**Student:** 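Let me give you the structure first, and then I'll get to my questions.
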Amino acid sequence: MYSPLRKDFVSLTLGEQHSHSYTNGKHRRQSCWRRWKQLSRLQRSLILFLLAFLLICGIFSYPSLSEQWRGVFCILCINRPKQLSFPVVKGTQVCLPIILCKTDIQDLLDCSKFPVYPKLYSYPQSDSIITPVINEACFYSLLVSVKPVDRAEAVREAFRHAWKGYKAFAWGHDELKPISKTHGEWFGLGLTLIDALDTMWILDLKEEFEESKRWVEKELSFTKNVDVNLFESTIRILGGLLSTYHLTGDSLFLDKAKDIGSRLMPAFNTPSKIPFSDVNIGKGIAHPPRWTTDSTVAEVTSIQLEFRELSRLTQDPQYQKAVDEVMRQVHRLDGKHDGLVPMFINTNSGKFTHRGVFTLGARADSYYEYLLKQWLQGGKKEPELLEDYLQAVEGVKKNLLRQTSPSKLVFVGELSHGRLNPKMDHLVCFLPGTLALGAHNGLPADHMDLAMQLMETCHQMYVQMETGLSPEIAHFNLQNHNGRDVDVKPADRHNLLRPETVESLFYMYRFTQDSKYRDWGWEILQSFNKYTRVPSGGYTSIGNVRDPVNPGPRDKMESFFLGETLKYLFLLFSDDPELISLDKYVFNTEAHPLPIWPSDS
Ligand code: DMJ
């Protein structure tokens, strides 16, 4: 019935056929044709409409087909024969109406006029022409046209644009400030470049990767009198170097990983063996922040994947010993609530402090993520990790889950001394992905149900905002007082280009193959392009996701935008399920894939 999928322009005609269709079985066809001619115009119209409708349903029930063709076809229903064509200019959106009424071509471009499927989809990659072919018997044409959008390619383009800014204004520095066209420094270690190495490799950006590799080889030095945060430098630098080593097999990256790993070790020289937050990597001296001897629970329990892998690769057990000791202590500590942990731990006593507040957001988030992922990394052989993870998920279900009004979105609130605060950090949106990963690895199926519900909520945190981008923190309505599920406080309206939602979308798509997750990710990428892309190169965090006219660029591109956000988007859209297989790799909390250990190691 229709031409091959890959054609740029395909026309499918469900109308009257002429002599060219008479070949074999001529007589049978002739009698069919006679019967067809005996039908009234209304009967013929109804039959043809029904057939077209069934065809559409068929196409949409095949995710791979509908994904290829999405946003690019229309059923036309008009009363008179007509030849029509209109251009679709690059950058405009094409609507996907199923038009059930007499219409004018103008309406095709105004999706708001269509009650049936008033949804905008996708940008054409290039200028195109849509030409509905209307045959004599009127209205019976289904038209398919325009190249399918290559979403993965759009992510590569976004990366190149971000890299253009970083190269021009921040090369070798920690972060790009794209508006002022300069750079920001945190540790002075080329953070964005190192965080982005494995992304370039995965996106097959060879030139960019080779140039960056040369910088690592020639310029990157850890012999620097500089204080670094143990957690941030572990997940971004150590994690980034280790994963790049695994992907490329180039020992340069392992040597650098050993160098930074050993320089971070003084952090563990504390009375309790719970590490300090900061280390001077040049002097080999570690210390807590000036105002406290506490460390953050998520920070001390989310460095394990990296140090354990460093021990395995170097055959030097000191790294693994240090981080396993932290987990051993946290496993036994008092002060948990149904498996949920407080946010702070003291480096002298080794005990939790500021007890009674429980969140899956900032300061606790990746504790839960790393329980599951360490268990997976080690080949499911460490039962305490699984035990703590399962208990924590039950703790979340029992204490933190609520539903919004009016839409009954399920969210994870925060418990503060027995009271539930209905707020959720965007950071919590890592959880659907982690729950799905657990369910994929044999953990209870209801983890997947919860993952799906939370994924919907994280999606709503984007779509309910005027820019289509999530705020840093959402407040949820439990009672229906203004008809909205999500409220945002003025101080929480910013968006830092964070990855957690697209990270979870990637897991959800890999495990369910449900194309809606790809569509949600695609909408997010388009919003990033619309509101955070800086013309001269780079993307910027913004101050107000509720103001599409002035989103308030903040002049900073975080390294995780390249390390995580664009990597997860690319993997979400990639059709190769073996590209970083989730049965072979486990992603650290900065999206750096590390291998799942073979059973004999
Ligand atoms: C990243 O550095 C990591 O994902 C971390 O676990 C949380 N914060 C940022 C991204 O939002």
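Fair warning: this is a prediction, and the values are worked out from it, not measured in the lab. In each ligand, atom 1 is the first atom listed, and ligand 1 is the first ligand listed.
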**Student:** For ligand 1, would you mind listing the residues that have at least one heavy atom less than 4.0 Å away, ordered by chain and number?
**Tutor:** Ile235, Arg236, Leu427, Arg498, Pro499, Glu500, Phe560, Glu564, Thr589, Glu590
**Student:** Would you say the ring centers of Phe276 and His287 fall short of 6.0 Å from each other?
**Tutor:**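 When the ring centroids of Phe276 and His287 are compared, they turn out to be at least 6.0 Å apart.
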**Student:** Just to verify, what does Tyr245 make a side chain to side chain contact (heavy atoms under 4.5 Å, CB included) with, not counting sequence neighbours?
**Tutor:** Phe253, Leu254, Leu313
**Student:** Would you find more than 12 non-hydrogen atoms of other residues, nucleotides or ligands less than 6.0 Å from Arg363 atom CZ?
**Tutor:**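 Not buried by this count: 12 neighbours or fewer within 6.0 Å.
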**Student:** Taking everything shown except Lys397 itself, do over 12 heavy atoms lie less than 6.0 Å from its NZ?
**Tutor:** yes
**Student:** Under the salt bridge (Lys or Arg N to Asp or Glu O under 4.0 Å) rule, what do Glu466 and Lys530 come out as? Steps first, then yes or no, please.
**Tutor:** CA-CA 12 Å; Glu466 287 78 352; Lys530 195 160 177 194; over 6 Å; no
**Student:** Establish, yes or no, whether a centroid distance under 6.0 Å links the rings of Tyr539 and His161.
**Tutor:** yes
